[in-house]
Amino acid sequence: MPADTTTSLPVPESAVPAEAVAPLIRGVGVLRELTEAGGTLSPSGLERATGLARSTVDRITSTLARMGYVRLDGRDAVITPRLMELGNAYLAALRLPALLSGRADALADELDESVSLAVADRDGIRFIHQATRRRAMSLSFRIGDLLPAERTAPGPLFASEWTDADWRAWRERRAADPEDRGFPAVPPRELPAGQGEFEAKAAQAGRDGWALDDQLIEPGLVAVSVPVRDPRTARIACVANVVSHTSRHTATDLRETLLPRLRATVAEMERELASAPDPDPGPPPSGSASWIGAAKNELGREFIESLARGLTVLTAFGEGRAALTLTDVARATGLARATARRALITYEHLGLVRQQPESRTFGLTPRVLSLGFPPLSRTTLPRIAAPHLADLSARVRESTALAVLVPPGSGEGAEIQYTARAVSPRIMGVDIRTGTRLPASATSLGRVLLADTEGSADLDRVRTQGYALLDENWEDGLRTIAVPVRDRTGRVVAAVNVALHAAGRTAEECVAEILPELRLTATRVETELRAAGHFTRVPLL
């Protein structure tokens with residue numbers, strides 16, 4: 001069943017526990033600043049944002065790069081889709097996206113409006129699923145974005161269950177940040193809220209069982225929400241939310257027209273929760289800390305072991321592993337109990353982990369989504385592939401490209417479309433522009449893609465050997481070799497190739513020298529695609 005989504009307030013910054021891991025606190029701070037900056041910051045920008053010394057920033061980004069969470073691109077640090085594995089651990093442990101997203105998507109299709117699922121995070125809300133409509137006026141919030149409760153439709157519903165301590169914390173936050181500057185996902189507040197207005201709205205939402213947002217965030221945005229209750233506790237597990245624009249629905253129309261259908265979908269969601277079997281925990285990440293010693297030997301003092309060990313703790317959680325004891329965490333990560341304990345103490349201080357004293361277990365909180373998830377949740381396959389294509393081109397000194405079938409799954413007469421590329425540094429190189437379409441059957445990229453959907457002697461051979469090599473088939477002097485790119489289900493969704501002049505390498509040399517590099521690149525793209533596509537849709541174009 002879904003985990004309790006309520007979170008305890010973090011310990012004030014001045015009360016850092018004596019056993020907290022300082023490098024882990026600093027590393028989390030760097031990831032948060034990168035997230036709020038949209039995923040990219042220069043070292044000097046990180047230095048200013050975090051207040052850390054430049055040498056400390058360099059060591060942290062070097063460690064994160066070794067873990068695959070950050071890419072060092074020239075002078076900038078850029079978060080990578082692999083960082084999403086931290087947020088994926090929380091979402092998998094929560095189970096709500098896996099259980100309810102299908103019904104949310106179906107409702108979005110039926111209403112032709114954006115539908116989202118949100119959970120409580122202290123006195124704010126975070127989205128855990130989005131089914132958006134593509135329009136000129138469309139929803140810009142992302143999975144993981146933090147919004148102030150009082151400016152949303154889900155907020156009053158969550159607030160209807162707040163304790164006196166929760167209300168005190170909310171009032172303190174409002175007094176310290178009256179313009180909501182601490183919520184970068186929303187525009188600053190222009191007008192102060194009336195005294196007692198949100199308290200009254202929360203009480204009304206508790207009585208009605210639904211709540212309305214009539215342009216609280218910005219003019220034109222309206223939404224209606226209904227709580228989805230946990231059948232074990234009858235408390236709110238998440239809130240289903242329909243969002244529209246006043247050009248399509250007024251707030252009154254939203255309530256009268258869409259609320260009944262939303263309520264019917266929520267009833268279906270609650271039945272889904274009640275009938276869901278207990279999750280199969282499956283194997284925890286194996287040996288996730290075993291590589292740390294080798295990385296330390298490789299990078300020396302530029303690698304911060306305590307940061308790397310601490311971040312592996314978050315990946316111990318997942319489906320069927322929502323509540324773990326200290327022993328469970330140590331066993332799953334391969335860390336010593338003392339090391340795992342200090343990391344959990346640190347995360348509890350930062351609000352990323354919550355301890356349940358009665359069961360002596362720990363669980364992740366929605367705040368884990370603040371570590372890179374919002375800017376990464378809307379990435380595309382071309383964006384994922386681009387830096388890996390550039391690396392491949394630099395290694396083999398030839399042009400590389402990514403392509404997909406258009407339309408997807410087409411058979412006879414299918415075309416491929418180039419969606420990303422990296423051009424060779426050679427004087428004479430292959431330069432096929434992004435967006436170019438070519439007959440699939442005439443290209444190595446197309447044959448790799450068709451081999452996953454069609455049957456013929458040639459394509460069977462391509463599928464068996466795992467690559468396609470074409471020698472001057474559609475242009476004299478052009479030799480290409482391509483391999484498939486698979487999504488997390490194993491389906492071939494794209495192909496990546498190297499194209500070169502036939503005078504550069506023989507066909508045999510292409511197989512011996514380029515194919516291993518090409519497969520390594522495809523594996524790196526697939527690793528990031530699997531992380532990005534676990535709970536979000538990754539567009540192929």
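Numbering starts at 1 and runs along the sequence shown. These figures come from a predicted structure and were not determined experimentally.
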Checklist entry - Would Arg66 and Glu298 count as a salt bridge (Lys or Arg N to Asp or Glu O under 4.0 Å) if you check the C-alpha gap in whole Å, the side-chain angles of each, and the deciding distance to 0.1 Å? => result CA-CA 10 Å; Arg66 182 61 178 80; Glu298 174 190 340; 3.1 Å; yes
Next on the checklist: For Arg321 and Asp328: C-alpha separation, side-chain torsions, deciding distance, then whether salt bridge (Lys or Arg N to Asp or Glu O under 4.0 Å) applies.
Outcome noted: CA-CA 9 Å; Arg321 302 193 303 275; Asp328 293 333; over 6 Å; no
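- With no hydrogens or angles considered, no side-chain donor-acceptor pair links Thr325 and Thr327 at under 3.5 Å.
- A salt bridge between Asp121 and Arg367 is absent, with no side-chain N of the basic residue lying under 4.0 Å from a carboxylate O of the acidic one.
- Considering CD1 of Ile128 and SG of Cys238, their distance stands at 5.0 Å, rounded to 0.5 Å.
- Listed for the Thr339 side chain is no donor-acceptor partner under 3.5 Å among the backbone atoms of Leu335.
- Using modelled atom types, one side-chain atom of Asp487 and one backbone atom of Gly490 make a donor-acceptor pair closer than 3.5 Å.
- Of the possible polar contacts, none joining the Thr379 side chain to the Leu376 backbone as a donor-acceptor pair under 3.5 Å is found.
- For the pair Arg59 (side chain) and Arg301 (backbone), a donor-acceptor distance under 3.5 Å is present.
- Counting only N and O atoms by type, the side chains of Glu113 and Ser244 include a donor and acceptor under 3.5 Å apart.
- The side chain to side chain contact (heavy atoms under 4.5 Å, CB included) test with Val404 is passed by exactly one of Leu445, Ile416, Thr419: Thr419.
- Shortest non-hydrogen contact noted between Ala316 and Ala332 is CB-CB, 3.9 Å.
- In Arg360, the CZ atom is not crowded: 12 or fewer heavy atoms of neighbouring residues, nucleotides or ligands sit closer than 6.0 Å.
- Counting only N and O atoms by type, the side chains of Thr365 and Arg122 include no donor and acceptor under 3.5 Å apart.
- Between the side chain of Asp213 and the main chain of Leu216, a donor-acceptor pair closer than 3.5 Å is present.
- Screening residues 333-342 for salt bridge (charged side-chain N to carboxylate O under 4.0 Å, His left out), with sequence neighbours left out, gives Glu19-Arg341.
- Residues satisfying the side-chain hydrogen bond (donor to acceptor under 3.5 Å, both in side chains) criterion with Thr265, sequence neighbours excluded, are Arg261.
- Smallest separation of non-hydrogen atoms from Leu147 and Ala185: CD1-CB, 4.3 Å.
- Listed for the Arg151 side chain is no donor-acceptor partner under 3.5 Å among the backbone atoms of Val186.
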Checklist entry - Hey, mind stepping through Arg383 and Glu528 against salt bridge (Lys or Arg N to Asp or Glu O under 4.0 Å) and telling me if it holds? => result CA-CA 11 Å; Arg383 288 179 190 168; Glu528 294 194 353; over 6 Å; no
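- Rounded to the nearest 0.5 angstrom, Arg173 CZ and Asp180 CG are separated by 5.5 Å.
- Residues passing the side-chain contact (heavy atoms from CB on, under 4.5 Å) test with Pro374 are Thr35, Arg142, Asp145, sequence neighbours excluded.
- Glu268 meets the salt bridge (Lys or Arg N to Asp or Glu O under 4.0 Å) test with Arg103; sequence neighbours excluded.
- Between the side chains of Asp58 and Ser55, not a single donor N or O lies within less than 3.5 Å of an accepting N or O.
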Checklist entry - Could you go step by step and tell me if Asp230 and Arg235 meet the salt bridge (Lys or Arg N to Asp or Glu O under 4.0 Å) rule? => result CA-CA 6 Å; Asp230 186 333; Arg235 291 178 61 83; over 6 Å; no
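- Sorted by first and then second residue, the pairs that involve residues 79-89 and meet side-chain hydrogen bond (donor to acceptor under 3.5 Å, both in side chains), not counting sequence neighbours, are Tyr69-Glu85.
- Considering only residues two or more places apart in sequence or on other chains, Asp105 meets the side-chain hydrogen bond (donor to acceptor under 3.5 Å, both in side chains) condition with His129, Arg537.
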